[in-house]
2 protein chains.
Amino acid sequence: MKMISCHDCPLQDCGPFIPHSDEEKDFLGGFKAGEMAVGAGTQILMEGAKTPQLFTVLEGMGLREKTLEDGRRQVINFVLPGDFIGLQAGIMGEMNHSVEAVTPMRCCVFRREDLWLLYRNRPELAFDLTWIAAAEEYFLGETVATLGQRDGTERIAWALVKLFVRLRGLGLEAEPGTVPLPYRQQDLADALGLSLVHTNKTLSRLRAQRMVDWSDGMLRVPDLEALAELAVTEIEALPRRPFL
Amino acid sequence: MKMISCHDCPLQDCGPFIPHSDEEKDFLGGFKAGEMAVGAGTQILMEGAKTPQLFTVLEGMGLREKTLEDGRRQVINFVLPGDFIGLQAGIMGEMNHSVEAVTPMRCCVFRREDLWLLYRNRPELAFDLTWIAAAEEYFLGETVATLGQRDGTERIAWALVKLFVRLRGLGLEAEPGTVPLPYRQQDLADALGLSLVHTNKTLSRLRAQRMVDWSDGMLRVPDLEALAELAVTEIEALPRRPFL
DNA sequence: CGGGCACTTGACGCCAGTCAAGCAACGTGG
DNA sequence: CCACGTTGCTTGACTGGCGTCAAGTGCCCG
């Protein structure tokens, strides 16, 4: 497998990402320590681990998840291309969640020690890193509000709206209103704090009402507005965002 | 009211905070735009607002909260001295939650435009800012897991353990096992996604079992270990952390 | 003294969890 | 080639945690 140069990074001209200048690409090229390809089901980062690596997802999808002492699982977020993973370990020294690949994934690898270089020499990229952390916080704030306030149907509608908008933004809308969503119902249930059974029944009901159809790994949303209304959310345009 | 110099900042030698060097204090002194004192009940930041200010809490307590379109309220987190507020607006341009003072508060004020100076001239402080954002993300991850996986009793025990440890870390433990907690039951309920009634009954039950006694604005925890066990959490020592 | 606010407590009902069974698709090995 | 285990999805019956409604208390304040 050949390693992609930052100058040909598939994320550069993709969706919502703010492209880097040539100068930045040169710097990032030096910052990049390698590339990693993993199969479906691989644990990329472990909760509590002090890994020396940070990653940017180039391809594939995964999950951030956390396990309580007694084994209950919570999915924190869905990991899509462009996402940066390992920031907590990079900055604070320890992850509070694990990251697992759900499809085969390819990631850009950075070394934790090199982070300093970035803060020393590239203030605008350092700022971008903070931006990324703040964006994650932003999203988790919405998630907290969802788990705390919305009922089952609203939660599912909310999550599917968010996923649809993110995936569409990445250019993955094959035919209008349809994006790939290669997760299991169990993953969605664990993300929303619902049981598998209840999630399944709610999805069936939504399908019968023609609100969403998630089957065979494809998510079909005939009327995004209507689904968002059901979720009691606004569909906010995703902001242009930096990446590394 | 006189403005405190960063050299006499009450946070410098307090609890878990990593003190600044004299040089850093000089820089922060220039960065500091002023001080703000507000009464209980004041809105400090509004959801969706693009405020030009950032704050560090010097004294007093507050809440981060978010309101859904239909009026439901979610408390995102409890704001204590040392907390940095407005990072999202500072970095991304818009807050996703409001911040409200629950007691009278005093805050250190920074200007958003000056953030750049910090990234340009003080990489270690820029790093600290990212640290702060990552720490917030860390905590919100735990909150998501709590709202998604724990039942009512566990949630309440979890929240009270977290609050107790934070307050104790700030040196607010007046007599052993007792810290001030000047919030309403409604605030805790909204933080945990429980109804006021259920929160109240659960608190009564915990009080009867001698697990916690939260009344008259004071939180008494006779056996922190036991409470943490009930919450299915470990009491992790809070890390030494930077502040601005 | 009346009104508002925070906290309590009891009665009742529903959303969502648990238990359980069944089906389809797949891969493995005898 | 078929038995078999595994994984993911689906559906029905039953239960209980937690929400809603409602009424009442104590306290502060104008």
Side-chain angles (χ1 to χ4, degrees), chain A residues 39-41 63 68 70-75 100 102-103 146-160 180-209 212-220 230 232, chain B residues 39-41 61 63 68 70-75 100 102-103 146-160 180-208 212-220 230 232:
Chain A
L63 289 172
L68 298 198
D70 62 1
R72 283 173 276 182
R73 180 177 90 132
Q74 175 68 37
V75 168
E100 178 185 340
V102 160
T103 69
T146 294
L147 298 194
Q149 303 302 323
R150 289 188 239 257
D151 68 24
T153 306
E154 291 167 342
R155 289 187 211 188
I156 289 182
W158 175 84
L160 295 181
L181 191 67
Y183 297 94
R184 295 169 305 152
Q185 293 185 355
Q186 183 73 65
D187 297 323
L188 184 63
D190 287 346
L192 298 176
L194 298 171
S195 70
L196 170 62
V197 172
H198 192 65
T199 301
N200 179 292
K201 287 175 179 165
T202 305
L203 282 170
S204 309
R205 215 172 321 116
L206 290 176
R207 190 178 307 130
Q209 299 169 215
V212 266
D213 178 359
W214 176 30
S215 45
D216 306 314
M218 298 302 285
L219 177 65
R220 275 164 264 265
L230 190 67
V232 195
Chain B
M61 303 187 193
L63 290 172
L68 298 198
D70 61 1
R72 283 173 275 182
R73 180 178 90 133
Q74 175 69 36
V75 169
E100 176 183 340
V102 160
T103 70
T146 295
L147 298 194
Q149 303 302 323
R150 288 187 238 258
D151 68 22
T153 306
E154 292 168 341
R155 289 187 211 186
I156 288 180
W158 175 83
L160 295 181
L181 192 67
Y183 297 95
R184 295 169 305 151
Q185 293 185 355
Q186 183 73 64
D187 298 324
L188 184 63
D190 288 345
L192 298 175
L194 299 171
S195 70
L196 170 62
V197 172
H198 192 64
T199 301
N200 179 293
K201 287 175 178 166
T202 305
L203 282 170
S204 309
R205 214 174 319 116
L206 290 176
R207 190 178 306 131
V212 267
D213 178 359
W214 176 30
S215 45
D216 306 316
M218 299 301 285
L219 177 65
R220 275 164 265 264
L230 189 69
V232 196

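All of these numbers come straight from a predicted model, not from anything done at the bench. Just so it is clear, the values below take in all heavy atoms, side chains as well, and ignore hydrogens, waters and symmetry mates. First the proteins, then the strands, lettered A, B, ... as listed; each starts at 1.
- Atom CG in B:Leu192 sits roughly 15 Å away from atom C1' in D:dG17 (whole-Å rounding).
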Inset, instruction - Sugar-phosphate atoms are those with a prime plus P, OP1 and OP2; base atoms are the rest. Using that split, label each nucleotide of nucleotides 21-30 of chain D B, S or - for protein heavy atoms under 4.0 Å, 5' to 3'. - result: B---------
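- Looking at A:Thr146, A:Leu188, A:Thr199 one by one, the single match for side chain to side chain contact (heavy atoms under 4.5 Å, CB included) with A:Arg155 turns out to be A:Thr146.
- Among the atoms of the strands shown, only primed sugar atoms or phosphate atoms (P, OP1, OP2) are found under 4.0 Å from some heavy atom of B:Ser204.
- As a whole-Å value, the separation of A:Asp216 CG from C:dC26 C1' is 14 Å.
- For the helix from C:dC1-D:dG30 to C:dG30-D:dC1, the angle separating the two terminal helix axes comes to 20°, with each axis derived from five pairs and the value rounded to 10°.
- Distances shown here put a side-chain N or O of A:Gln185 below 4.0 Å from the OP1 or OP2 atom of D:dT10.
- Between A:Val212 and A:Leu160, the shortest heavy-atom contact is CG2-CD1, 3.9 Å.
- The separation between B:Ile156 atom CD1 and D:dG17 atom P is 15 Å, rounded to whole Å.
- We find that CG of B:Leu188 is positioned 15 Å from P of C:dA6, with the value rounded to whole Å.
- A sub-4.0 Å separation between OP1 or OP2 of D:dC9 and a side-chain N or O of A:Asn200 is absent.
- Rounded to an integer number of Å, the gap from CG of B:Leu196 to P of D:dG19 is 10 Å.
- Closest contact between the side chain of A:His198 and the listed nucleotides C:dT18, D:dG19, C:dA16 involves C:dA16.
- When every heavy atom of B:Gln149 is checked against every heavy atom of A:Leu68, the shortest pair comes out as CB-CD1, 4.0 Å.
- The shortest heavy-atom contact between B:Leu147 and B:Leu192 is CD2-O, 3.3 Å.
- Contacts of B:Gly217 with the nucleic acid, taken as non-hydrogen atoms under 4.0 Å apart, are absent.
- Distance from the side chain of A:Asp151 is smallest for C:dA16 among the nucleotides C:dT18, D:dC18, C:dA16.
- Smallest separation of non-hydrogen atoms from B:Pro182 and B:Met61: CD-SD, 3.4 Å.
- Between A:Gln149 atom CD and D:dG19 atom C1' there is a gap of 12 Å when expressed in whole angstrom units.
- Listed here is the closest heavy atom pair of A:Leu181 and A:Trp214: O-NE1, 3.1 Å.
- Residues A:Leu230 and A:Ala157 share a closest heavy-atom pair of CD2-CB, 4.2 Å.
- Taking atom CZ of B:Arg184 as the reference point, atom P of C:dC7 lies 7 Å away to the nearest angstrom.
- The distance between atom CD of B:Glu154 and atom C1' of D:dG17, rounded to the nearest whole Å, is 12 Å.
- Between A:Arg150 and B:Asp70 there is no salt bridge, since none of the side-chain N atoms of the basic residue sits less than 4.0 Å from a carboxylate O of the acidic one.
- Between A:Asp190 and the options A:Arg73, A:Gln74, A:Gln185, a side chain to side chain donor-acceptor pair (under 3.5 Å) holds for only A:Arg73.
- A sub-4.0 Å separation between OP1 or OP2 of D:dT10 and a side-chain N or O of A:Arg207 is present.
- Within the model, atoms CZ of A:Arg205 and CG of A:Asn200 stand 10.5 Å from one another, a figure rounded to the nearest 0.5 Å.
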